[in-house]
2 protein chains.
Amino acid sequence: MHVKQHNNLLAFSEHNHHQCEKVLLDRAKTLCDQREVRLTLRRRQVLEILLSTHQPMGAYDVLNTLNKTEQNITPPIVYRALDFLLEQGLAHRIESENAFVPCMHPGHQCEAQFLICSNCHCVAELDSAISPVLDEAQKIGFEIRHAVIEISGLCATCRQ
Amino acid sequence: MHVKQHNNLLAFSEHNHHQCEKVLLDRAKTLCDQREVRLTLRRRQVLEILLSTHQPMGAYDVLNTLNKTEQNITPPIVYRALDFLLEQGLAHRIESENAFVPCMHPGHQCEAQFLICSNCHCVAELDSAISPVLDEAQKIGFEIRHAVIEISGLCATCRQ
DNA sequence: AAATGTTATGTAATAATATAACAATATGCA
DNA sequence: TGCATATTGTTATATTATTACATAACATTT
C-alpha cells in the first residue's frame, strides 16, 4: 500500500490503519521541523486522536478522549491545539459537522474537498479541486480565499 | 430589473431591495399554497427578517430582531421556523457561518452554492452546480445526498 | 546559571449556538 | 361540537466555542 501516493479514498477502503497513522504523524513531525514550528505534546496528542479514525471528531470528543489519559484538559487547550493543526494544514474542519479530521496529504497546497458518508461517518479527502463554481466566481471578479466543499451521501460500501 | 430571471449575483449588485424582498415573499406564499403547507405568522416573520438583507443571519440575530416587535420569542420558536423554511427550500443554512440566508430562487430543484464576501458579508447564491468533485464522487460509487459548497473571498466591489 | 522576551499551556468563567421535553393553543375536518 | 393534528409557547439544558488572565516552558543573551 502506498499511503503517500493517493490516500484520497483511504477512509472508504480497507487499509493498514496503524501504518496510515504512523506515516501521517511522521510527516507532521517532519513538516513542523521544516517550518520551525513546534509539534508539542498537546498538539501531537490531539493529532494522534484525530488520526485514530477516519470519522470526524468534535472538539469535545477530542477533549473527552484526551481526558482519559490526562487530567484537567479544558476546552481552550483542545481548541488551541486544533487551531495550530488547522493553521499548519495538518487537520481540517468539517463545517457541516462542527468537527475535525486529520489532513490526509499535509504539505500539499491546494484546498481539500470532502466526501462524508452519512452511514459509516467516514470522511474521504479529495484534492482534485477546481470546479465550475470557482470558474464562475473568477468570471464575476470574486477573489477566492477559501472553499468549503463538503459532499455528504453514501459511500460505495454503505450503499450495498 | 428582472429578479426572477437571474438573481444569482443580486447580493453583490445595486438593486431595488424592496422589490427583491417583495417578489421573494410573494413567491414563498405561492409555493406554500401549492404545497399545502402553512406560511404562518412566525414563519413569515422569520422569512421577512432573512429577506431584509443579503448577509447571513444567525438564529439569535433573527431572535433579537423578532423580539423588537414581539414578546418572549425564544430559541425554539426561531429554530422551528428556520427548519420549516429550510425544508421548503425557502432558506439555506450557511454551514461555515452557522447562519441563514433566504433562498434567491425557491422552487428550483438543484442545490445551491454560495459566494461569501469576507468584507461586506454578503452572500450570492449560484445554482449552476455540478463540479468535477461530484463527477469524482460518482466515479467511486459515492451516492450524493447533499452538497455544501461555500466559497469565501472578496466580491468585485470590495476588491476595489 | 540569571535575566529577559516569547511561545505555549493552565484555569475559570462565560458566550454563542442548538435541542429536548412537555404544555397550551390553533387549525382542519368528521 | 369534538377530535386529531399541527403549530406555538415555555422551561430547562445540551453542545460548541471564546475571553481573559495566570502560569509555565523555551530560547536567547549575558
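The chains referred to below are lettered A, B, ... by the order of the sequence lines, with proteins before strands, and numbering in each begins at 1.
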Worksheet item: Counting only side-chain N and O atoms of A:Thr40, is one of them less than 4.0 Å from OP1 or OP2 of C:dT7?
Response: no
Worksheet, complete the sentence: A:Asn98 atom CG is separated from C:dA18 atom C1', nearest whole Å, by 10 Å
Fill in: Euclidean distance, atom CD of residue A:Glu97 to atom C1' of D:dA17 [Å, nearest integer]
17 Å
Discussion item. Give me the atom names and distance for the closest heavy-atom approach of B:Arg93 to B:Glu150.
Written reply: O-OE2, 3.9 Å
Fill in: Interatomic distance, A:Arg43 CZ vs D:dC26 P [rounded to whole Å]
12 Å
Worksheet item: In residues 64-89 of chain B, what residues come within less than 4.0 Å of DNA chain D, judged by heavy atoms?
Response: B:Asn72, B:Thr74, B:Pro76, B:Ile77, B:Arg80
Worksheet item: Going by the angle between their ring planes, with limits at 30° and 60°, are B:His105 and B:His108 parallel, tilted or perpendicular?
Response: parallel
Discussion item. Between the base of C:dA15 and the side chain of B:Tyr60, is one N or O donor paired with an acceptor at under 3.5 angstrom?
Written reply: no
Fill in: Interatomic distance, A:Leu41 CG vs D:dC26 P [rounded to whole Å]
11 Å
Worksheet item: Quick one: is A:Arg44 getting a side-chain N or O under 4.0 Å of the C:dA8 phosphate, OP1 or OP2?
Response: no
Worksheet item: Whole Å only: how far is the CD1 atom of A:Ile94 from the C1' atom of D:dT16?
Response: 16 Å
Fill in: Closest-nucleotide 5' rank along DNA chain D - winner of B:Arg42 and A:Arg93
B:Arg42
Worksheet item: Looking only at atom types and distance, does a side-chain atom of A:Arg35 sit under 3.5 Å from a main-chain N or O of A:Gln88, one as donor and one as acceptor?
Response: yes
Item to complete: Look at the side chain of B:Arg38 and decide which nucleotide, out of D:dT7, D:dT16, C:dA18, has an atom nearest to it.
Response: D:dT7
Practice prompt. Inspect the contact between B:Lys22 and B:Asp26 and indicate whether a charged nitrogen and a carboxylate oxygen are less than 4.0 angstrom apart.
Written response: yes
Worksheet item: Hey, any chance B:Leu115 and A:Val148 share a hydrophobic cluster, counting ILVMFWY side chains that come within less than 4.5 Å of each other, even indirectly?
Response: no
Worksheet item: Should the pair B:Phe12 and A:Phe142 be assigned to parallel (<30°), tilted (30 to 60°) or perpendicular (>60°) ring geometry?
Response: parallel
Worksheet entry | B:Met57 CE - C:dA16 C1' separation (whole Å) | 15 Å
Worksheet item: Hey, what do you get for CG (B:Leu51) to CZ (B:Arg44), rounding to the nearest 0.5 Å?
Response: 11.5 Å
Discussion item. Expressed as a whole number of angstroms, how long is the span from A:Asp61:CG to D:dA14:P?
Written reply: 17 Å
Fill in: Nearest-Å distance for atom pair CD/P, residues B:Glu36 and C:dC29
9 Å
